[in-house]
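Counting starts at 1 for both ligands and their atoms, following the listed order.
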Amino acid sequence: MSDGTAVETETKATYLGLDLSTQQLKAVVVDENLKVLHETSVQFDNDLPEFRTYGGVVQNKSDPLLRVAPTLMWVKALDMILDKLRVCGVDFAKVAAISGSTQQHGTVYWGKGSGNQLKNLDPDKFLHEQLATFFSVGLSPVWMDSSTSEQCRILEEAVGGPQKLAEITGSRAYERFSGAQIAKIAHYKPDAYASTERISLVSSFAATLFLGDFAPIDLSDGSGTNLLDIRTKDWCDQLLEACAPGLRERLGSPVPSYTNLGPVSKYLVERFGFDEKCRVIAFTGDNPGSLIGMRLKDGDVACSLGTSDTLFLWLEKVKTATEGHIFCNPLEDGAYMALLCFKNGSLTRERIRDSAAGGSWQIFNELLESTPRGNFGNIGLYYDAQEIIPFLNGDHRYNKANDEISRYSSKEVEVRAVIEGQFIARRAHAEDFGFTIGPNTRIIATGGASNNKAILQVLADVFNSPVYVSELANSAMLGGAYQAKHGLLRGEKTFLEITASLPEPRLLCQPYKDAESIYKPMIVRYRKIVADLLKKE
Ligand SMILES: Nc1ncnc2c1ncn2[C@@H]1O[C@H](COP(=O)(O)OP(=O)(O)O)[C@@H](O)[C@H]1O
Ligand SMILES: O=C(CO)[C@@H](O)[C@H](O)COP(=O)(O)O
């Protein structure tokens, strides 16, 4: 390599992308061609045991619907990951822009005065040491919470019912959405609310830590609040008033997801040697972030198998749906995205893996592959936590005769039942929503469980569609890095030009020929079972 090339290589810009999801914080540094140079992660349960989380959240035995996460744990995770990146050899001076994705809907409450304090942090100290007193509410409600049914009704009534709320905000009221969560805090913790200067979503909170100033909420993650008018792209005053007093100034004005917010904080420049010209691009939710990272095409349905299971796709035009969600698109102003979210994803699969396969995915897969498609007519529905769609809880196992039974006679039947039951539900609700699954559909899988081919084969069979995976895992984190470059260069280059060199997703599983004849009747049975269970509840 000539000296000139070496110098040129040395001066080339890099981009930092983050994903602050339910169970961990991940970070990646990519080069000008979006090639991964470094990546690392901090796992909340294992790496930060002092916060005593399980799956990244804290549960309260006296209120089984409540789920929160210690806000300071996320701050400490950021301290740790920046140190880990430094140890990996990352040269922060080369980072031209930063962006990221985070779990959706969670809210962070900044106490009075914290805005000014954020601008004057001491670079010799960790962030978590200095921010310990910044929050007016120390435990952030997160997306797994379903304790706000009362507040949901208030929001729906404020605008004339669920249909109307869905028309305005893209979703009927959902317990985990930020609006209901904020309303609950304002009502039950009025002192804490009164001493709140600013409310961030987890995404704008993470951006704030990089910016050293309150970062605005982006439109795509803002669509997960039940407070944003997704057509006018501003907060809906009627809903703000029904939710909590003085909310508009606490939320700040929302911005498009690709917005270049400003330079990185003085703290990060001094502590880690970031270039003072390095820019912070708005952060967004992990599902919009995955949409960016996966570069979805028309006809593609993304299936994220993370803590939650989600299905999403790109929408050219807005529509109204009372089951599922419509979000503003994080890349294009006129476009939208559709999303369905299922709470009982990986953690439920892990529970059955632990009880039936001694904690081993390999044994789990052997059991799964030793049973036939259709599982001898058994169907199981497993909900560890209150499900979002359908609104059910507990385990429900049915045999071939459709009798509800308390357990299956073999481990292999149990293993297949959890995977088939989950994917049958995903397809049934996707079809109810209006996702068209046809001969040209490609399912693009991502998230932790997309590493598991045996599970993806069942996904292919239940959807009777081929399943693809990205060459590069962790689409939400990569979406952050791609958005960093896109936000910086928008106006000069399109997103497609910026990401043109990235590899196409790879075909991993094709459905078996008999799949549709097996699973179509099971979807009909599933609908009947769910209707009966909902009636009983
Ligand atoms: N080989 C595997 N088979 C099935 N699931 C897996 C496998 N590896 C990891 N997972 C699941 O991935 C989950 C984490 O997924 P991830 O997308 O990283 O989560 P999140 O972004 O929500 O924190 C874990 O809970 C784990 O159950
Ligand atoms: O609530 C939703 C989407 O509406 C969840 O998808 C969260 O955004 C959490 O994401 P993961 O941690 O499961 O990726």
task: Return the residue, atom name and 0.1 Å-rounded distance of the protein heavy atom closest to atom 3 (N) of ligand 1.
output: N452 ND2, 3.1 Å

query: Does NZ or CZ of R373 come closer than 6.0 Å to the centre of the six-membered ring of Y512, within 45° of the ring's axis?
result: yes

- prompt: Which of the numbered atoms in ligand 1 are below 4.0 angstrom from a heavy atom of S21?
  reply: 20 (P), 21 (O), 23 (O)

Test item, D309 contacting ligand 2 (heavy atom, 4.0 angstrom): no

message: Using modelled atom types and a 3.5 Å cut-off, is there a donor and acceptor pairing between side-chain atoms of K343 and backbone atoms of Q386?
response: yes

query: Which atoms of ligand 1 have any heavy atom of Q24 under 4.0 Å away?
result: 16 (P), 18 (O), 19 (O), 20 (P), 23 (O)

- prompt: Side chain, backbone, both or neither: which part of T22 has a heavy atom under 4.0 Å from ligand 2?
  reply: both

field: Quiz item: cation-pi between K319 and F435, 6.0 Å / 45°
entry: no

Under 3.5 Å donor-acceptor, T307 side chain and T22 backbone: no

Atom 14 (C) of ligand 1: nearest protein contact (heavy atom, Å): Q23 NE2, 4.0 Å

field: D286: numbered ligand 2 atoms lying under 4.0 Å from its heavy atoms
entry: 7 (C), 8 (O), 9 (C), 10 (O), 11 (P), 12 (O), 14 (O)

Option whose closest heavy atom lies nearest to atom 13 (C) of ligand 1, chosen from S346, S290, S41, G56: S346

- prompt: For ligand 1, which atoms have a heavy atom of G447 less than 4.0 angstrom away?
  reply: 17 (O)

field: Atoms in ligand 1 with a heavy atom of E350 nearer than 4.0 Å
entry: 24 (C), 25 (O), 26 (C), 27 (O)

field: Numbering as shown, the atoms of ligand 1 that approach T22 to under 4.0 Å (heavy-atom distance)
entry: 23 (O)

field: For ligand 1, the portion of K26 having any non-hydrogen atom under 4.0 Å away
entry: side chain

message: Under 6.0 Å from the ring centre and within 45 degrees of the ring axis: does the NZ or CZ of R426 meet both conditions for the six-membered ring of F463?
response: no

- prompt: What is the nearest protein non-hydrogen atom to atom 8 (N) of ligand 1, stated with its residue, atom name and distance?
  reply: G448 O, 3.6 Å

query: Any idea which protein heavy atom is nearest atom 1 (N) of ligand 1, and the distance to it?
result: W361 CD1, 3.7 Å

task: Heavy-atom contacts with T310 under 4.0 Å: which atoms of ligand 2 show up? List them by number with element.
output: 6 (O)

- prompt: What about R176: any of its N or O atoms under 3.5 Å from an N or O on ligand 2?
  reply: yes

